[in-house]
Amino acid sequence: MTAVLERVAAPLRRIRRDDDGFDRKLIAPMVLGSILNPINSSIIAVSLVPIGRAFGAAPSQTAWLISALYLATAVGQPVVGRLVDLYGPRRLFLTGTALTGIAGLLGTFAPNLGVLILARVILGFGTCAGYPSAMYLLRSESERSGKHSPGGILTLLAVANQTISVIGPSLGGVLIGVGGWRATFAVNIPLAVAGFVLGWLRFPNAAVRQGESRSVSRIDFAGIAAFAGMLVSLLLFVMTPRVSNLYLLAISAVCAVALVVRELRTAEPFIDLRVLGGNIPLVATYVRSVLAATVTYCYLYGFTQWLEDGRGLSASVAGLVLLPTFVTAILVSTTTGRRPGVRGKLVAGALVQLVSGALLLMAHGSTAIWLLLGIALVVGVPQGLLNLANQNAVYHQADPTRMGSSAGLLRTFMYLGALIASSANGAFFPATANTAGLHELALFVLVVSGLLLVVTALDRSLVRVGRIGSAETPRDS
């Protein structure tokens with residue numbers, strides 16, 4: 001554990017060495033804000049079974065606790081990210097942390113599953129501002145200080161988010177053991193208070209760029225509405241993929257056409273399709289993000305539920321079984337974070353995801369704990385590689401003036417993967433998370449991991465991203 005803590009501290013030392021000129025008082029609120037969403041994404045994994053038991057709900061019903069948060073954040077992240085680009089992060093960050101605290105209170109005292117789902121929706125919107133704000137500040141501080149590749153801080157953000165994602169189930173298990181499943185909602189209250197205070201004290205008031213206006217007329221409300229309609233209807237179909245729901249795809253297609261027409265005609269588009277369409281490497285990064293997140297969340301939710309239902313472990317023990325994932329992810333992230341290239345990380349991550357899918361096929365109801373710990377250990381490798389690589393790719397590929405919305409879109413595609421995983425879990429575990437369902441989920445993981453490997457291998461632009469990082473690194477030293 002000492003070695004792990006040493007690895008966690010490594011990005012902080014690298015910040016001091018490589019990123020001189022960056023305003024370090026921004027780091028604490030940046031990191032805290034960016035982890036609010038992943039902690040709520042992952043901590044729910046061990047809460048689903050006890051919540052289902054408390055309200056008499058099947059896994060297909062409690063899956064809405066996952067889907068509700070991702071529906072809200074998938075729509076909200078790019079919207080809030082665009083608002084951050086226009087108005088700076090301070091007001092959006094403070095509003096978001098306040099909503100997070102309100103959602104924590106609502107979930108703590110929720111009388112039924114419906115109120116819990118509402119709390120998760122509010123959490124989704126409340127946690128939207130943290131990551132786009134952090135990426136916006138990274139870019140603005142980079143421009144101010146002349147440090148074009150703040151590698152230490154990028155690594156710190158990735159490690160913090162990755163760490164929270166993988167220790168979330170373990171933390172959730174501890175909280176459930178101490179205060180029941182409601183404690184997994186109550187934890188948002190102190191985190192929101194801390195985030196609000198830090199944001200109030202440390203985030204700068206954004207200055208208007210030369211030639212720009214803060215008029216509300218600059219906000220593309222029509223584009224946002226079309227985007228929301230397209231995404232919500234698409235995600236609702238993904239969550240319940242049945243012939244009777246094909247009308248949702250039709251609605252999504254109509255909204256998509258409306259979005260394209262609107263964005264190509266307006267001077268201040270919500271999503272600049274001309275720029276995005278001409279930036280194929282960035283689009284490819286978003287596709288890889290969907291595939292990587294699908295596998296990650298299949299493991300996070302599906303394997304965790306199986307540990308409790310199929311293997312018969314308590315929520316606390318199931319959380320502890322996932323601890324090796326946390327250890328491996330930190331070691332891998334902090335080690336590879338020093339290297340600017342992303343292609344090798346993506347290829348290696350996809351290969352190890354294939355291995356993890358094969359290992360899930362070997363699990364059964366009497367599998368020894370030490371073998372389950374071994375599976376958790378292996379799964380930590382791609383989790384330490386893929387998020388870091390995709391985040392760094394977006395930082396180098398995105399239009400600097402749209403860094404907030406580009407970062408928000410990265411999270412949106414990650415949430416799309418999470419929703420696909422949630423839908424898969426609901427399909428493979430309709431009543432209970434049994435071993436047969438786990439093996440079906442493992443086959444699904446193998447298919448998605450194979451697609452990720454193919455998409456990565458065919459993308460030659462990733463070599464250029466590595467060269468850019470290498471060229472910039474000496475200027476940061």
Inset, instruction - Evaluate the side chain to side chain contact (heavy atoms under 4.5 Å, CB included) criterion for residues Leu346 and Leu385: first the C-alpha distance (whole Å), next the side-chain angles of each, then the deciding distance (0.1 Å), finally the verdict. - result: CA-CA 7 Å; Leu346 291 167; Leu385 288 170; over 6 Å; no
Inset, instruction - Could you walk me through whether Tyr286 and Leu410 pass side chain to side chain contact (heavy atoms under 4.5 Å, CB included), step by step? - result: CA-CA 6 Å; Tyr286 290 149; Leu410 175 65; 3.9 Å; yes
Could you tell me if the side chain of [Y] sits less than 4.5 Å from the side chain of [X], heavy atoms only?
| X | Y | result |
| --- | --- | --- |
| Leu451 | Val454 | no |
| Leu307 | Leu322 | yes |
| Leu175 | Ile43 | yes |
| Tyr131 | Gln391 | yes |
| Leu373 | Ile369 | yes |
| Ser252 | Phe237 | no |
| Leu462 | Arg288 | yes |
| Tyr136 | Ser133 | no |

Check for a donor-acceptor pair, side chain of [X] on one end and backbone N or O of [Y] on the other, with a separation under 3.5 Å.
| X | Y | result |
| --- | --- | --- |
| Asn392 | Ala389 | no |
| Thr184 | Trp181 | yes |
| Arg120 | Asn40 | yes |
| Asn279 | Gln397 | yes |
| Thr328 | Leu377 | yes |
| Arg91 | Val84 | no |

So which heavy atom on [X] is nearest to which on [Y], and how close?
| X | Y | answer |
| --- | --- | --- |
| Gly450 | Leu354 | N-CD2, 3.7 Å |
| Thr97 | Ala192 | O-CB, 3.2 Å |
| Ala228 | Val75 | CB-CG1, 3.8 Å |
| Ala318 | Glu308 | CB-CG, 3.9 Å |
| Gly384 | Val332 | C-CG1, 3.8 Å |
| Leu438 | Phe429 | N-CE2, 3.3 Å |

Taking atom [atom1] of [X] and atom [atom2] of [Y], what is their separation to the nearest 0.5 Å?
| X | Y | atom1 | atom2 | value |
| --- | --- | --- | --- | --- |
| Leu69 | Ser67 | CG | OG | 9.5 Å |
| Phe196 | Leu94 | CZ | CG | 5.0 Å |
| Met414 | Leu416 | CE | CG | 11.5 Å |
| Cys128 | Leu123 | SG | CG | 10.5 Å |
| Ile44 | Leu65 | CD1 | CG | 5.0 Å |

Inset, instruction - Take Leu453 and Gln353 through the test side chain to side chain contact (heavy atoms under 4.5 Å, CB included) and record every step on the way to the result. - result: CA-CA 9 Å; Leu453 182 60; Gln353 279 192 339; over 6 Å; no
Inset, instruction - Please check if any side-chain donor atom of Gln383 sits under 3.5 Å from a side-chain acceptor atom of Thr325, or the reverse. - result: no
Inset, instruction - Show the numbers, then the answer: is there a side chain to side chain contact (heavy atoms under 4.5 Å, CB included) between Val355 and Leu359? - result: CA-CA 6 Å; Val355 173; Leu359 290 175; 4.3 Å; yes
Inset, instruction - Identify which one of Thr95, Ile122, Thr127 satisfies the side chain to side chain contact (heavy atoms under 4.5 Å, CB included) criterion when paired with Thr100. - result: Thr127
Legend entry - Ring geometry between Phe303 and Trp306 (parallel below 30°, tilted from 30 to 60°, perpendicular above 60°): parallel
Inset, instruction - Kindly assign one of parallel, tilted or perpendicular to the pair Phe93 and Phe203, based on the angle between their ring planes and the thresholds 30° and 60°. - result: tilted
